[in-house]
Amino acid sequence: MSVNKTDQQAPLPTPSTRFFRTFVPWQLLKFILINLKMIRMIRRSH
Amino acid sequence: MARVVILGAGIAGHTAALFARRRLPQPHQVIVVSPKDIYNWIPSNIWVGVGAMSCNEVVVPLRPVYAKMDIDFVQGRAVEIHPEGTGAVGTPRVIVENTGEEATGQRREIGYDYLINATGPKLNFAATPGLGPDGFTQSVCTYEHADKAAGAFLAAVEEMKKGRTQTLLIGTGHGMCTCEGAAFEFVLNVEFELRRHQVRDKARVVFISNEPELGDFGVGGMHFKRGGYVVSSKLFAESLFVERGVEWITGAHVQKVEAGKAFYETLDGESHELAFDFAMLLPPFTGIGMKALDRAGQDITADLFMPNGFMKVDADYAKKDYAQWKAADWPKTYRNPKYANIFAVGIAFAPPHAITRPRVSAKGTPISPAPPRTGMPSAIIGRVVANNIADLVLGRTQRQPKTASMAALGAACVASAGANWWSGTAASMTMYPIVPDFERFPEYGRDLKFTFGDIGSAGHWIKKILHYMFIYKAKALPMWWMIPE
Ligand SMILES: Cc1cc2nc3c(=O)[nH]c(=O)nc-3n(C[C@H](O)[C@H](O)[C@H](O)COP(=O)(O)OP(=O)(O)OC[C@H]3O[C@@H](n4cnc5c(N)ncnc54)[C@H](O)[C@@H]3O)c2cc1C
């Protein structure tokens, strides 16, 4: 059976990485950065 | 006076119609033909499918929008194209079968000067016996399907609340499917909702895909810089699954589905069975199966369409091995090579070949993702083609037509992993170009400056904001055209 249960080669996030994923001030900063990256990419495509 | 007829009011066709009308004043005519008078923002169907959004939030009634924009709307299904006219009438036309409440099934002819085929996919559930909402699995490809899927999912949640364990199988329902990203998003949303309903411990969540490995997404995977390394989307996707306890089966072709059981073959040629309580498996896509006839009534479908029903455009369709595939094979202007006034945009155009390297199982079954034409490129192509047609109509022939090759367009994919403003997250990924170009970017085929992946609440906020922006644009509200595709 080829169901892959836990592939231990996959990197797992540390508790702090997980915390920052939903930590609002950090995500607000990320929000701006991701938007800028996307705008750059959209500009290149338009 | 020119008449531009657009077949299909999905992401590509609706965008093309709005831009065609913006560029072409009266007396030029813009006509949209579509079986339903409703627009569906399909990417948000995944939220409908888990009961996190209502159908009303993902649809826009088209008639008021088209009345405001001075676009004619015909509720019907295009069935035939006569690019040279019929009999005594030597001007091109399409045959449309009414689907509205009045005169359902009756056929009418609509003449055109320019035709844009934006009919999207036929959801080919029939390719796998037992697949689809009329069989034993759910789908999220339309808002009606997604609504039904939500009912089945919430019923499974109720079972879990009563203490019964459930197996949820999510993914692709055939070896030649596309749109793996949608299945990926759906499985992450299901897993998130199970935690929200506090029944995660009662669920086994299994992802099944025709991708050779997780994170392929039908684009041969991608690489991005993270933490000082160049990592593959495979590691990124696997990490998300391991963290959430989602099991996965890759390189799988679902052969048939029976009540509560899926039968599938994997790339090693082995056959397997998996019992499930809830399954959402996407169907493979084909073209919608329009015919083409010449003036004498002879069938010329093969001049306009590939055998899979998608429309031939300015791509290089010569059969080539994977090693010979080039970015230049991909179409630029989406014009039919034989009939210069016919164009195909979005999923309706025939790609020259896949993007992921094709694979067959040890038994010879093709198990490999078909190339995706996601929302962003579909809409950009719709806009570019509409603007090029406007230039032709307005006699601006000295202008070079704009191009929109998927080997020169990027794509932003924000894969939702939970619909909640504070605890929800999404994997934001961008890539440039969509079709890898190893001549320009020899190492990874893509520009790593524009290819990245990240997960967090910010991604979810972006996805939610994009939902409202695209619904706003679909309604053609003030300054709609400023919103990029
Ligand atoms: C569940 C799901 C989630 C997705 N999520 C994302 C995402 O997050 N981001 C993204 O970029 N892409 C996403 N996609 C892909 C995206 O939805 C498609 O790329 C996009 O819808 C393609 O646009 P289209 O106009 O070519 O086809 P469609 O949107 O399918 O539109 C086709 C139109 O043609 C009409 N039509 C059909 N037959 C006829 C006929 N005979 N005559 C006239 N009209 C006809 C249909 O009714 C429809 O109006 C997702 C897809 C799915 C299924």
Side-chain angles (χ1 to χ4, degrees), chain A, chain B residues 206-208 214 227 231 234-243 245 247-252 266-268 270 272-274 376-377 380 383-384 404 408-412 414 420 422-425 428 430-434 447 449-452 454-462 465 484-485:
Chain A
M1 182 75 177
S2 62
V3 174
N4 203 333
K5 283 209 165 165
T6 46
D7 186 333
Q8 288 309 333
Q9 287 172 1
L12 282 173
T14 58
S16 73
T17 301
R18 288 166 72 149
F19 169 78
F20 278 107
R21 281 181 184 169
T22 50
F23 182 54
V24 173
W26 177 245
Q27 289 300 318
L28 279 172
L29 187 72
K30 282 261 168 169
F31 179 79
I32 297 165
L33 289 175
I34 296 173
N35 270 301
L36 287 175
K37 284 187 179 188
M38 285 189 173
I39 289 167
R40 249 170 29 125
M41 195 275 298
I42 288 167
R43 277 200 167 167
R44 187 139 192 203
S45 300
H46 276 65
Chain B
V206 183
F207 183 70
I208 186 166
L214 275 194
V231 295
K234 173 179 188 278
L235 274 193
F236 185 69
E238 286 184 355
S239 171
L240 290 176
F241 275 30
V242 174
E243 186 189 344
E247 302 168 34
W248 67 87
I249 305 165
T250 47
T266 39
L267 278 169
D268 55 14
E270 298 284 318
H272 310 268
E273 292 176 25
L274 187 68
M376 183 174 162
I380 294 179
R383 172 177 52 80
V384 166
L409 292 182
V414 187
N420 182 289
W422 309 118
S423 57
T425 55
S428 316
T430 68
M431 59 179 148
Y432 180 88
I434 302 167
D447 189 340
K449 276 208 298 284
F450 298 95
T451 304
F452 79 94
D454 192 69
I455 176 140
S457 305
H460 175 66
W461 302 339
I462 293 171
I465 292 168
E485 286 78 39

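To find a chain, count down the sequence lines: A is the first, B the second, and so on, and within it residues start at 1. What you see is a predicted model, and the numbers here were worked out from it, not measured in a lab.
Heavy atoms of B:Val384 lying under 4.5 Å from chain A are absent altogether. B:Phe450 touches chain A through backbone and side chain together, each having a heavy atom under 4.5 Å away. Heavy atoms of B:Ala237 lying under 4.5 Å from chain A are absent altogether. Neither the backbone nor the side chain of A:Ile39 comes within contact range of chain B; no heavy atom of the residue lies under 4.5 Å from a heavy atom of that chain. Of the atoms belonging to B:Ile465, it is side-chain heavy atoms, and not backbone ones, that fall under 4.5 Å from chain A.
The structure places CH2 of B:Trp461 at 10.0 Å from CD1 of A:Ile34, a figure rounded to the nearest 0.5 Å.
Scanning all heavy atoms of the two residues, the minimum distance from A:Leu12 to B:Ser239 falls at CD2-O, 4.2 Å. Across all their heavy atoms, B:Ser457 and A:Gln27 have their closest contact at N-OE1, 3.2 Å. Nearest approach of A:Met41 to B:Ala412, heavy atoms of both residues: CE-N, 3.6 Å.
Remark: the backbone N or O of B:Ser423 is not paired with any side-chain donor or acceptor of A:Thr22 at under 3.5 angstrom.
With respect to chain A, the highest number of heavy-atom pairs below 4.5 Å among B:Thr430, B:Ile462, B:Leu235, B:Thr425 belongs to B:Ile462. Listed options B:Glu243, B:Lys449, B:Glu270, B:Met431 were ranked by heavy-atom pairs under 4.5 angstrom with chain A; first place goes to B:Glu243.
Among residues two or more places apart in sequence or in another chain, the side chain to side chain contact (heavy atoms under 4.5 Å, CB included) test is passed with A:Ile32 by A:Leu36. The side chain to side chain contact (heavy atoms under 4.5 Å, CB included) check on A:Phe23 picks up A:Phe19, A:Phe20, A:Pro25, A:Trp26, with sequence neighbours excluded.
Within 6.0 Å of atom CZ in A:Arg18, 12 or fewer heavy atoms from other residues, nucleotides or ligands are found, so the atom counts as exposed in its surroundings.
Between B:Ser428 and A:Met38, the closest side-chain pair of non-hydrogen atoms falls below 4.5 Å.
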